[in-house]
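Order of appearance sets the numbers: ligands from 1, and atoms from 1 within every ligand. Please read all numbers here as calculations on a predicted model, not as lab measurements.
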Amino acid sequence: EKGGYEYFMLKEIVEQPRAVADTLLGRVGVEGTLTLDEMRLSAHDLRDISKIVIIACGTSYHAGLIAKYSIEHWCRIPCEVEVASEFRYRDPILDRQTLVIAISQSGESMDTLMAVRYAREQRARVLAICNVNGSTIPRESDGVLYTHAGPEVGVAATKTFLTQLIACYLVGLYLAQVRNQKFGDEINAVIEQLAKMPEQVQQVLDTVEPVRTLARSLKDAKTVLFLGRHVGYPVAMEGALKLKELAYMHAEAFAAGELKHGSIALIEDGVPVVIVVPSREGRGVLHDKILSNIQEIRARGARTIVIAEKGDDAVRPFADELIEIPAVPTLLQPLVSTVPMQVFACELALAKGNDVDQPRNLAKSVTVE
Ligand code: F6R
């Protein structure tokens with residue numbers, strides 16, 4: 001049931017703190033040790049891994065892109081991310097020491113399933129991250145880590161995306177632990193920080209109302225561009241995808257540093273550009289770099305919609321609109337920076353009179369290749 005909301009999507013957006021908490025529940029022990037018993041891959045198996053390949057489609061692919069940053073940083077294992085529909089057609093290099101992580105909310109996406117089958121034929125180990133118990137992809141994988149988002153009815157992925165991120169963080173932390181990486185203190189700090197994330201996501205929801213007003217004001221825009229750096233780049237991609245699928249509008253995401261290599265020519269007077277600003281903590285360089293990217297586009301007439309952490313006063317002079325999110329470590333920032341993008345796309349689509357639960361031409365699970 002819609003629980004008093006007009007659309008499932010609205011309900012699923014507000015359920016996110018709970019979904020995040022449920023996905024963490026029972027997986028982090030008192031001493032900060034992680035237990036992922038449904039993994040069915042031994043610590044021994046995981047110690048041998050020399051490469052990780054993440055395969056997924058759509059929003060799940062964006063979760064994979066974000067996961068790469070923390071997995072490589074915490075585990076020091078090379079990690080590639082690829083859309084499932086491209087994967088097996090390029091003769092990828094896989095072996096017994098490759099861990100393939102297949103991310104799929106439904107567990108039924110045919111592109112991802114075919115990639116999983118291919119990977120297993122090549123003797124790679126496959127771990128599924130999935131939201132639907134007993135679905136095909138986890139059944140055909142060596143191990144599974146379920147996201148506990150609960151059923152998602154709206155076609156656009158929202159709460160399942162946040163819980164996929166949690167699952168990816170857990171896998172990364174777990175791998176770092178079993179492989180005894182030298183980041184012990186940092187790993188423990190992240191585990192502590194993860195426990196606070198439901199509350200931080202709730203804070204975003206509590207302060208998101210101005211985003212709705214802003215979204216309605218952009219209902220007639222021809223395009224919206226999204227910029228990010230580091231983990232903010234895949235978040236920008238997710239923001240653009242949400243807008244396309246729900247509002248049927250042109251939207252495109254760029255790595256902020258790449259803009260000057262061509263796409264900046266798109267910037268003209270009044271073009272709305274949503275920018276995700278990295279946390280200042282530990283990533284000061286990135287933060288400064290994006291400030292100059294914002295200045296560049298603003299000087300060319302862009303209307304800048306800046307998502308930045310609370311208290312980041314340096315961005316204020318360049319933000320036509322400022323959306324504040326809680327200050328969290330950069331690697332975890334996607335959990336809070338994605339939420340205003342979801343609300344933005346949903347509200348804009350509603351302003352256009354679209355059905356946000358059943359966008360045109362789309363199905364909840366895509367069972368053809
Ligand atoms: C976007 C969306 C799709 C799915 C994609 C993969 O909001 O929902 O892009 O993310 O079709 O689906 P799953 O995760 O079920 O494999």
Do [X] and [Y] get their side chains close enough for a donor-acceptor pair, meaning under 3.5 Å?
X      : Y      : answer
His73  : Glu186 : yes
Ser60  : Gln164 : yes
His148 : Asn131 : no
Glu238 : Thr59  : yes

Checklist entry - Does ligand 1 have an atom that lies less than 4.0 angstrom from a heavy atom of Cys57? => result yes

Item to check | Close approach, Lys242 and ligand 1, non-hydrogen under 4.0 angstrom | outcome: yes

Item to check | For atom 12 (O) of ligand 1, the option (of Ser109, Gly58, Ala63, Ala345) bearing the nearest heavy atom | outcome: Ser109

To check your reading of the model: name the closest protein heavy atom to [atom], its residue, and the distance in Å.
atom                    : result
atom 2 (C) of ligand 1  : Thr59 OG1, 3.8 Å
atom 15 (O) of ligand 1 : Ser106 OG, 2.7 Å
atom 11 (O) of ligand 1 : Val366 CG2, 4.2 Å

Checklist outcome for this item: Honestly, for Val155 the part within reach of ligand 1 (heavy atoms, under 4.0 Å) is backbone

Checklist entry - Given that the side chain starts at C-beta and the backbone is N, CA, C, O, which of these parts of Glu245 lies under 4.0 Å from ligand 1, counting heavy atoms, or is it both or neither? => result side chain

Next on the checklist: Tell me if the NE2 atom of His44 is crowded by more than 12 foreign heavy atoms within 6.0 Å.
Outcome noted: no

Checklist entry - Do any nitrogen or oxygen atoms of Ala157 lie less than 3.5 angstrom from nitrogen or oxygen atoms of ligand 1? => result yes

Checklist outcome for this item: Shortest non-hydrogen pair, Lys159 vs Glu152, comes out as N-OE2, 3.2 Å

Next on the checklist: I'd like to know if Glu199 and Lys196 make a salt bridge, using a cut-off of under 4.0 Å between side-chain N and carboxylate O.
Outcome noted: no

Next on the checklist: Would you compute the distance between atom CG of Asp48 and atom CD of Gln97 and round it to the nearest 0.5 angstrom?
Outcome noted: 6.0 Å

Checklist entry - What atoms in ligand 1 come closer than 4.0 Å to a heavy atom of Ser104? => result 13 (P), 14 (O), 15 (O), 16 (O)

Item to check | Numbered atoms and elements of ligand 1 in range of Ser60, under 4.0 angstrom, heavy atoms | outcome: 10 (O), 13 (P), 14 (O)

